Amino acid sequence: MRKMSLLMLGAFLGAGTSMLATQTQFLSGPSAVAASAETYRQLSLFGDVFEKVRTDYVEKPDESKLIEAAVNGMLTSLDPHSSYMDAKAFRDMQTTTRGEFGGLGIEVTMEDGLIKVVTPIDDTPASKAGLLANDVITQIDEDQVQGLTLNQAVDKMRGPVNSPVKLKISRKEAKDPIEVTLTRDVIKIKPVRSRAEGGDVGYIRLTQFNEQTFDGLRSAIDKLSTDIGQDKIKGYVLDLRNNPGGLLDQAVMVSDAFLDRGEIVSTRGRNPDETQRFSAKSGDLTKGKPVVVLVNGGSASASEIVAGALQDHKRATILGTRSFGKGSVQSIIPLGGSGALRLTTARYYTPSGRSIQAKGIEPDVEVMQEVPDELKGKDETKGEAGLKGHLKQKDTEERGGSSAYVPPDPAKDKQLTAAFDFLRGIQKGAANTQKPSLPN
């Protein structure tokens with residue numbers, strides 16, 4: 001049985017996992033296709049090679065690891081998001097999607113054979129220790145990271161709560177390596193943060209799409225409407241910047257929170273009968289208040305589903321920079337007690353039929369940040385189009401990523417300020433206009 005999912009960009013360190021994504025909806029498998037005689041010949045070749053390695057390799061190999069490596073090699077040759085998870089990784093992934101796990105609270109990815117920080121999670125040992133996006137981890141407890149796989153590096157950084165781990169960090173703007181010692185902790189992901197701004201705007205930030213996201217969003221909207229007063233709220237800012245994605249069902253429910261009707265997203269696999277459409281139910285939680293959605297180069301997957309749905313329905317104004325461009329869906333296929341496959345099985349499309357694969361969501365209002373001199377050139381994400389082996393689209397111009405920099409000081413956040421100004425300068429419903437212009 002399969003669980004549909006949308007992958008995040010990196011790997012959370014902890015009893016968590018290298019992905020954040022399952023959905024409770026089960027899919028029927030594709031119809032079986034008879035293997036050709038040539039396929040069976042190739043499988044026989046694999047068996048011959050495996051037997052030779054098993055019997056003649058200079059040291060006795062671990063046969064189960066040989067099989068796992070072969071399976072993972074087959075999957076990773078397909079695209080950047082397909083892979084094999086062993087039983088432990090599968091359990092870790094299930095733990096992570098619940099929104100609580102043990103570890104450091106850091107999202108990492110592999111780039112050019114190096115383990116690179118995507119972002120530290122707020123209020124975790126990693127963020128408190130001052131780790132930054134684009135830091136490169138070179139050593140873990142005196143062990144060199146070079147040559148390790150992403151999962152191997154993640155495993156080394158996991159451990160019991162309250163146990164220490166020492167990292168050596170290479171930072172481009174720092175002359176010497178930086179050494180930090182972190183204490184592992186229980187990482188409780190709070191996917192929703194909100195606050196009232198100036199007594200008339202509700203600000204809601206979604207950091208990821210886990211099982212708690214929609215409930216947190218609903219509570220935030222209820223609290224803001226009570227604290228500010230429904231008649232005083234001029235609109236809401238939904239901040240999806242640097243949100244790497246997560247669960248498909250949560251993306252659908254978050255989109256539905258702002259819509260009364262219409263399609264939210266469709267997923268289309270290799271076979272036409274596998275197409276699924278997800279539609280909004282009646283009931284806009286914001287009661288039609290204007291909405292501005294913030295996106296940037298770190299907004300991916302589930303974030304792009306929400307932004308695309310609200311943009312196509314002209315329900316919100318999308319503001320910021322072009323999003324990451326991950327337009328594929330992964331199914332988690334359990335393999336009994338032997339882990340699971342994470343397999344790309346479909347592309348998703350926005351309500352108007354757009355695929356954003358390797359293109360991203362273009363904002364209605366582009367607002368660039370003032371990037372500090374020491375970070376210029378380091379704030380850009382490569383985007384899906386920059387990933388080796390990514391799914392291509394015929395007759396479609398691919399677009400790279402964009403800046404993922406968000407100033408730590410909200411007063412210096414030009415995108416956030418522009419969103420507040422935009423809402424305060426319009427009447428109810430005017431956020432549905434297209435292509436407004438704002439000075440950068």
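Here the structure is a predicted model, which is why all the values come from computation and not from measurement.
Using modelled atom types, one finds no donor on one side chain facing an acceptor on the other under 3.5 Å when comparing Glu263 with Ser279. A donor atom on one side chain and an acceptor atom on the other are found under 3.5 Å apart for Ser355 and Gln393. Between Asp312 and Ser352, the side chains place a donor N or O and an acceptor N or O closer than 3.5 Å (distance only, hydrogens not considered).
Looking only at side-chain heavy atoms (C-beta outward), Arg193 and Thr207 come within less than 4.5 Å of each other.
Using a cutoff of 4.0 Å between basic side-chain nitrogens and carboxylate oxygens, Asp200 and Lys232 are not scored as salt-bridged. By the 4.0 Å N-to-carboxylate-O rule, Asp284 lies close enough to Arg315 to be salt-bridged with it. Ion pair Asp185/Lys128 not flagged as a salt bridge, since none of the NZ, NE, NH1 or NH2 atoms sits closer than 4.0 Å to an Asp/Glu carboxylate oxygen.
Every residue meeting the side chain to side chain donor-acceptor pair (under 3.5 Å) condition with Tyr203, not counting sequence neighbours, appears here in chain and number order: Asp239.
Separation of atoms CD1 (Ile361) and CZ (Phe324) is listed at 14.0 Å; rounding is to 0.5 Å. To the nearest 0.5 Å, the span separating CG on Asn210 from CG on Asp215 amounts to 10.0 Å.
Within a 6.0 Å sphere centred on NZ of Lys190, other residues, nucleotides and ligands contribute 12 heavy atoms or fewer. The 12-atom threshold is not exceeded at CD of Glu370, counting heavy atoms of other residues, nucleotides or ligands nearer than 6.0 Å. Within a 6.0 Å sphere centred on CZ of Arg261, heavy atoms belonging to other residues, nucleotides or ligands number 12 at most.
No option in Lys359, Gln357, Lys326 other than Gln357 meets the side-chain hydrogen bond (donor to acceptor under 3.5 Å, both in side chains) test with Glu384.
When all heavy atoms are compared, the tightest approach of Ser255 to Leu310 is O-CD2, 4.0 Å. What you find for Leu114 and Val136 is that their closest heavy atoms are CB-CG1, 4.0 Å.
Counting only distance, with no hydrogens or angles, the side chain of Ser194 and the backbone of Ala220 share no donor-acceptor pair below 3.5 Å.
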